[in-house]
Amino acid sequence: MLLQKFFSRTLHTTRQLYAAGAGLEKSALSALRKKTGYTFANCKKALELHNNDVSLAEKWLHQQAQSLGWSKATKVADRVTQQGLVGVLINGNRGAMVELNCETDFVARNETFKRFVDHVSRIVLHYTDQTEFDGDLWKLGFDSDALKNLETPQGGSLADHLALLIGAIGENATIRRALCFKVNNDLMLAGYAHPAPTNVSTTHNITQVGKYGAIVAFRSPREFEDVEIQKGICQQIVGMKPTKIGEYDKDKPAENKDDETCLIYQEYLLDADRTVGEILKERSIDIIDYHRFECGEPTKRELQEILQSQQQNSN
């Protein structure tokens, strides 16, 4: 049902609703619509073509939607995708962060696109369920090709689902990258996407979407979760872009506090009179690892390719 919600309008529609029920069993039409979510007219056509066989009609509808999606995807494949969203999903000891791109900010704000960000986030999170590991922390990154090749529990690959999305939104879209975390023992995960909605009471098992995202793996002996502090640390990473956590016995604070790149020495955004390190010590929180996504930022691989291209041109 999840995919049908995304793409219920990808097939051709018609206003000739007065023909409802003509030559069809109403129960078959009702069952097909409820099962697939496709429009009245398309379900009617599918049943007419397959002698009211709901199973064959459903298969035909999916084939038509997929065909239309791949056709559209092929036509727009060369269009630049500079807009998009970052999705962050935390569920217990598992976390996923993804970046999806599209051509326009209008589509990025579209609910269909946001639902697809959630869909990809859950597919990546599902992948972590298949992974067993020893130790405290496991993480794995995916590039675009690896993501598109992932098989989904709903059937087909993410590339197939992406083609359906492109058919639905009418412009090019890409699944750019993803990162999944899994922790054991006493480690915990926190996640945040910015800008964040103000009317959400919990983010557990809810995909947060925004232009920026962060996931933090941390250890804390406190018996209760300090949600606001976890959120504050994630906001710090999103807003101040630290390049490393920092160690007091190895790293020195920057002379100009505005140039500080060590997380522990940065001014805490929510209390400029104290550093992040002081906040962490006060609450006995130990940051083990973190990662930050910014929609559209060059990845390390892209930066390396740019440098290689520049060197070749200079020669």
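Side chains are part of it too, since the values below use all heavy atoms of this structure and drop only hydrogens, waters and symmetry mates. FYI, the numbering just counts along the sequence from 1.
Taking the six-membered ring wherever Trp is involved, the centroid distance between the rings of Phe218 and Tyr290 does not fall below 6.0 Å. For Tyr192 and Tyr212, the gap between ring centers reaches or exceeds 6.0 Å.
Closest heavy-atom contact between Val117 and Gly87: CG1-CA, 3.7 Å. The heavy-atom pair separating Ile169 from Val107 by the smallest distance is CD1-CG1, 3.8 Å. The minimum heavy-atom distance linking Ala178 with Val98 is given by the pair CB-CG1, 3.7 Å. Contact record, Val238 with Ala214: CG2-CB, 3.8 Å, taken as the closest heavy-atom pair. Closest of all the heavy-atom pairs between Pro242 and Cys262 is CB-C, 4.5 Å. Nearest heavy-atom pair, Val216 versus Cys234, reported as atom, atom and distance to 0.1 Å: CG2-SG, 3.8 Å.
Atom CD of Glu103 is separated from atom CD of Gln82 by 10.0 Å, given to the nearest 0.5 angstrom. Taking CG from Asp289 and CD1 from Ile245, the interatomic distance works out to 6.0 Å, rounded to the nearest 0.5 Å. Between the CH2 atom of Trp138 and the OG1 atom of Thr131 there is a distance of 3.5 Å, given to the nearest 0.5 Å. The CG atom of Leu280 sits 8.5 Å away from the CG atom of Asp286 when rounded to the nearest 0.5 Å. Atom-to-atom distance recorded for Glu99:CD and Leu147:CG is 11.0 Å, nearest 0.5 angstrom. Rounded to the nearest 0.5 angstrom, Thr81 OG1 and Asn172 CG are separated by 5.5 Å.
The cluster map of Ile, Leu, Val, Met, Phe, Trp and Tyr, joined by side-chain heavy atoms under 4.5 Å apart, puts Met240 and Ile215 in different clusters. The hydrophobic cluster containing Leu85 also contains Ile166, counting ILVMFWY residues as joined when their side-chain heavy atoms lie under 4.5 angstrom apart, directly or transitively. Criterion: ILVMFWY side-chain heavy atoms under 4.5 Å apart, direct or through other members. Under it, Leu179 and Leu187 are part of a common hydrophobic cluster. Hydrophobic clustering (side-chain heavy atoms under 4.5 Å, transitive across Ile, Leu, Val, Met, Phe, Trp, Tyr) groups Val276 together with Met188. Side-chain heavy atoms closer than 4.5 Å link hydrophobic residues (I, L, V, M, F, W, Y) into clusters, and following such links, even through other members, never connects Leu89 to Leu137.
Salt bridge annotation for Glu282-Arg274: present, with a cationic side-chain nitrogen under 4.0 angstrom from a carboxylate oxygen. The pair Asp129-Lys182 does not meet the salt-bridge criterion, since no charged nitrogen lies less than 4.0 angstrom from a carboxylate oxygen. Note on Glu297 versus Lys211: no salt bridge recorded, every NZ/NE/NH1/NH2 to OD/OE distance being 4.0 Å or above. Between Asp143 and Arg176, none of the side-chain N atoms (NZ, or NE/NH1/NH2) sits under 4.0 Å from a carboxylate O, so this pair counts as no salt bridge. With respect to Lys114 and Glu111, a salt bridge is recorded, a charged nitrogen being found less than 4.0 Å from a carboxylate O.
Proximity of a side-chain donor or acceptor of Asp105 to a complementary backbone N or O of Ala108 within less than 3.5 Å is not detected. Distance alone, capped at 3.5 Å, is enough to place a donor-acceptor pair between the Gln208 side chain and the Gly191 backbone. In this structure a side-chain-to-backbone donor-acceptor pair under 3.5 Å is missing from His161 to Val120. For the pair Glu260 (side chain) and Gln266 (backbone), a donor-acceptor distance under 3.5 Å is absent. Thr152 places a side-chain N or O within donor-acceptor distance of the main-chain N or O of Gly155, the cut-off being under 3.5 Å. Although no hydrogens or angles enter the test, the distance criterion places a donor-acceptor pair under 3.5 Å between the side chain of Asn93 and the main chain of Val183. Side chain of His50 to backbone of Ala46: a donor-acceptor contact under 3.5 angstrom is found. For the pair Asp251 (side chain) and Glu247 (backbone), a donor-acceptor distance under 3.5 Å is present. Remark: the backbone N or O of Tyr127 is not paired with any side-chain donor or acceptor of Gln130 at under 3.5 angstrom.
Remark: Arg177 is positioned above the aromatic ring of Phe293, its terminal NZ or CZ atom under 6.0 angstrom from the ring centre and at most 45 degrees off the axis.
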Open item on the list: Let's go through Asn185 and Asp136 carefully: what are the C-alpha distance in whole Å and the side-chain angles of both, what is the deciding distance for side-chain hydrogen bond (donor to acceptor under 3.5 Å, both in side chains) to 0.1 Å, and is it a yes or a no?
Closed with: CA-CA 6 Å; Asn185 303 321; Asp136 293 337; 2.5 Å; yes

Task: Steps toward side-chain hydrogen bond (donor to acceptor under 3.5 Å, both in side chains) verdict (Glu171, Thr104) - done: CA-CA 8 Å; Glu171 67 176 52; Thr104 64; 3.1 Å; yes

Task: Residue pair His291, Ile237: steps toward the side-chain contact (heavy atoms from CB on, under 4.5 Å) verdict - done: CA-CA 8 Å; His291 209 89; Ile237 291 167; over 6 Å; no

TODO: With side-chain contact (heavy atoms from CB on, under 4.5 Å) as the test, would you mind laying out the steps for Phe142 and Val124 before giving the verdict?
DONE: CA-CA 9 Å; Phe142 298 84; Val124 173; 4.0 Å; yes

Task: side-chain contact (heavy atoms from CB on, under 4.5 Å) between Leu100 and Thr174, worked out - done: CA-CA 6 Å; Leu100 276 73; Thr174 55; over 6 Å; no

Task: side-chain contact (heavy atoms from CB on, under 4.5 Å) assessment of Gln235 paired with His194 - done: CA-CA 8 Å; Gln235 289 175 325; His194 182 83; 5.7 Å; no

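Ring orientation note: the planes of Tyr248 and Tyr265 are nearly perpendicular, at an angle over 60° on the 30°/60° scale.
Surrounding CD of Glu255 are at most 12 heavy atoms belonging to other residues, nucleotides or ligands under 6.0 Å away. No more than 12 heavy atoms of other residues, nucleotides or ligands sit less than 6.0 Å from atom CG of Asp134. Heavy-atom neighbours of Asp78 CG from other residues, nucleotides or ligands within 6.0 Å: at or below the threshold of 12.
For the residue pair Asn110 / Arg115, no side-chain donor-acceptor distance below 3.5 Å is found, with atom types taken as modelled. Side chains of Asn91 and Asn205: a donor on one and an acceptor on the other come within 3.5 Å.
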